[in-house]
**Q** 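Below you'll find the structure I mean.
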Amino acid sequence: MADTSHRHGKRVTRITEVTHPLDPLTEGEISQGRSIIEAAGLITDTVRFPAVLPVEPDKKATFAWKPGKPFDRSILYVLLDTATGISHEVVVSVTDEKIVSQTKVKSDEHPYGQPPYLFEEYERVEALVKAHPEWQAAIARRGITNVDDIFCAPLAPGYFGHEDEIGRRMIRSLTFLRDTPDDSPWAHPVEGLLVTIDLTKGEVVRVQDEGDVPTPTVSGNYDVGTVGPARESLRPLEITQPEGPSFTVNGSLVEWENWKFRVSFNSREGLVLNQVTFTDKGEDRSVLYRASVPEMVVPYGDTSINRYWISYFDAGEYLLGKNANPLVLGCDCLGVIHYFDGVAADDHGHPMVVGQAVCMHEEDYGVLWKHTDLAGNPDSRRSRRFVISYFATIGNYDYGFFWYLYLDGTIQVEAKATGVVFNGAGVPGSHDPHAHEIAPGLFAPVHQHLFSARLDVAVDGLDNSVHEVEVVGVPTGPENPHGNAFTYTVNTLQTEGGRLANNPALRTWHVTSGHRTNYTGASTQYQLIPQGYPVLMAQPESSVAKRAAFATQHLWVTKYEPNEMWPAGMYPNQHAGGAGLPEYVAGGDSIVNEDIVLWHQFGPTHIPRTEDWPVMPVDYSGFLFKPFGFFDVNPALNLPDGANSSCTCCGSGRCGTDACTCNHEH
Ligand code: NI
């Protein structure tokens with residue numbers, strides 16, 4: 001079977017015993033902490049757990065930690081009393097077996113903010129909507145009779161200062177028709193019908209019913225039965241590693257070639273990489289202390305009643321890790337794979353395992369370096385990368401988060417946006433300045449997917465600075481007599497704040513060590529290379545610009561503070577704005593030779609295409625974090641010739657295989 005080879009040698013790690021301060025939370029720890037909360041009498045029939053997160057251990061102590069030294073393990077439980085809408089943050093030390101703190105969440109005070117949604121709230125939405133007479137009347141007026149198959153999407157409402165919404169736990173619902181229970185609902189949006197719900201009261205607050213655009217009937221299904229039989233022209237392409245993979249896994253510690261790092265996972269950020277080092281001449285040199293994509297926002301650029309309010313914060317409102325795909329049900333990676341199970345928590349605060357959430361494997365990546373010398377002798381080495389990835393599905397969209405480590409010291413982060421484009425309905429053939437007709441009558445609004453990567457850098461230690469580097473032309477004159485010259489400028493960022501990319505000037509941000517130099521005497525450094533796609537398009541006075549202020553800059557640099565983890569704040573759901581990065585930089589601390597954190601925003605601005613329907617080919621975005629004077633020379637010089645053993649032809653081309661670039665001379 002062609003599809004069994006990639007399952008061969010499958011290994012799965014689930015951390016059950018904690019041996020390092022940065023190990024992910026275990027099922028046992030989550031249960032233990034919950035028991036302590038229960039014993040304190042804090043769990044009633046109506047209490048739920050919208051979030052359960054690790055408390056990060058002290059950074060300096062962890063950076064210097066050696067096996068055998070004690071460390072504390074603490075967990076933050078967010079408890080929501082669904083009867084009152086009041087939430088508390090309860091921190092439990094499972095090491096000391098006690099509650100450390102208990103704080104009320106200020107959801108009822110400006111600037112508000114609600115904990116993420118519970119899974120059970122999605123089900124309540126559909127029942128509340130379908131039971132409401134105004135909604136029933138709106139459906140009947142449209143001549144719709146198959147009410148059972150209707151899908152009522154549960155959607156984060158944003159913040160617009162409506163008296164009957166602020167400070168309350170609200171959700172909105174848009175209505176989608178289905179021909180059958182397994183029909184794709186995203187093809188059949190009911191335009192002009194919006195329902196707003198108070199989840200605590202358990203009642204519909206408002207039904208807005210405007211306009212009578214017919215619901216599109218085009219199919220959104222992409223199963224074999226709809227699209228026809230699969231093509232038979234592709235021959236098998238198999239990845240085999242007869243001697244096994246080149247990486248090892250020991251608890252949360254992964255080692256691959258010169259790279260070492262620790263895998264972690266939590267219900268909000270999903271995948272986290274800790275203590276990423278590169279071994280250089282026998283020394284493990286630090287590059288990153290902690291790295292993740294802790295927030296993203298998907299703002300829509302549409303004025304319609306159905307969508308002007310849409311700006312989903314998929315981590316802070318819905319939780320990426322809790323919605324991670326269990327790859328035990330089907331994996332997308334090729335090769336010899338090692339999985340990590342993800343441990344999150346369910347609505348009741350009990351551990352919830354996402355089976356095989358994180359996928360790790362090696363990938364061939366073409367030529368790493370090559371030269372044919374003056375005598376005609378070719379020399380080349382193949383590139384290989386180590387892939388650590390997970391996918392989360394939030395409603396219609398699916399997001400893959402891929403971290404790539406390369407043999408030459410490069411780190412690449414790639415977000416893969418796929419799934420089903422979110423549509424409204426319109427008159428076929430009409431023009432809409434804020435949407436594109438991607439199938440007859442289906443108008444997909446322009447929107448953005450803006451991801452925020454938090455890079456807690458540690459380039460050769462914790463004393464780091466950031467320099468903004470640009471190329472610049474030199475005016476013709478005494479400094480440039482022939483007009484050909486150009487140069488580069490280096491400006492050190494002095495204090496906390498935000499910066500934009502500048503692609504025509506190739507603006508990059510170099511993170512330098514405060515004390516270490518390479519053999520030319522320059523500070524060792526890594527450079528962040530942005531794609532420089534648009535930042536938030538919404539106007540500065542808009543609600544989303546205040547709530548997603550993080551997305552108005554490509555880069556923020558902050559001095560490390562233990563509680564500064566969330567680009568849009570801890571509770572972006574229904575928050576009035578200003579939380580997260582604007583607060584984190586407000587002190588204007590010095591960031592020169594300090595323990596600093598880089599926050600990089602990236603992601604596509606999407607004008608949907610017909611080709612994005614009915615399921616969207618992956619839209620890739622990301623950035624590079626690349627050594628720049630970190631190593632004295634190319635760190636991949638010692639790769640073996642012909643490292644790809646499946647490559648059997650030899651440089652001379654004797655064997656007549658045309659697609660082969662190896663030079664394995666005998
Ligand atoms: Ni999109």
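Remember, it's a predicted structure, so these values are computed and weren't measured experimentally. In listed order, ligands and their atoms are each counted from 1.
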**Q** Do side-chain atoms of N274 reach the backbone of V263 as a donor and acceptor pair under 3.5 angstrom?
**A**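 No.
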**Q** Among the N, O or S atoms that H449 has, which is closest to the Ni ion (ligand 1)?
**A**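 Result for H449 and the Ni ion (ligand 1): NE2.
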**Q** Indicate whether any N or O donor in one side chain lies under 3.5 Å from an N or O acceptor in the other, for Y584 and E496.
**A**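 The criterion, which ignores hydrogens and geometry beyond distance, is not satisfied for E496 and Y584.
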**Q** Apply side chain to side chain contact (heavy atoms under 4.5 Å, CB included) to S311 and list each qualifying residue two or more places apart in sequence or on a separate chain.
**A** V297, P299, F313, V544, R547
**Q** Quick check on the Ni ion (ligand 1): does Y397 put an N/O/S atom closer than 2.8 Å to it?
**A**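 Within the cut-off used here (under 2.8 Å), Y397 does place an N, O or S atom near the Ni ion (ligand 1).
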**Q** Can you tell me which N/O/S atom of H606 has the shortest distance to the Ni ion (ligand 1)?
**A**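 When I compare the N, O and S atoms of H606, ND1 is nearest to the Ni ion (ligand 1).
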**Q** Run the side-chain donor-acceptor check on residues 213-222: report pairs under 3.5 Å with partners two or more places apart or on a different chain.
**A**
| from | atom 1 | to | atom 2 | distance (Å) |
| --- | --- | --- | --- | --- |
| S219 | OG | N221 | N | 3.0 |
| N221 | OD1 | S184 | N | 2.7 |
| N221 | ND2 | D183 | OD1 | 2.9 |

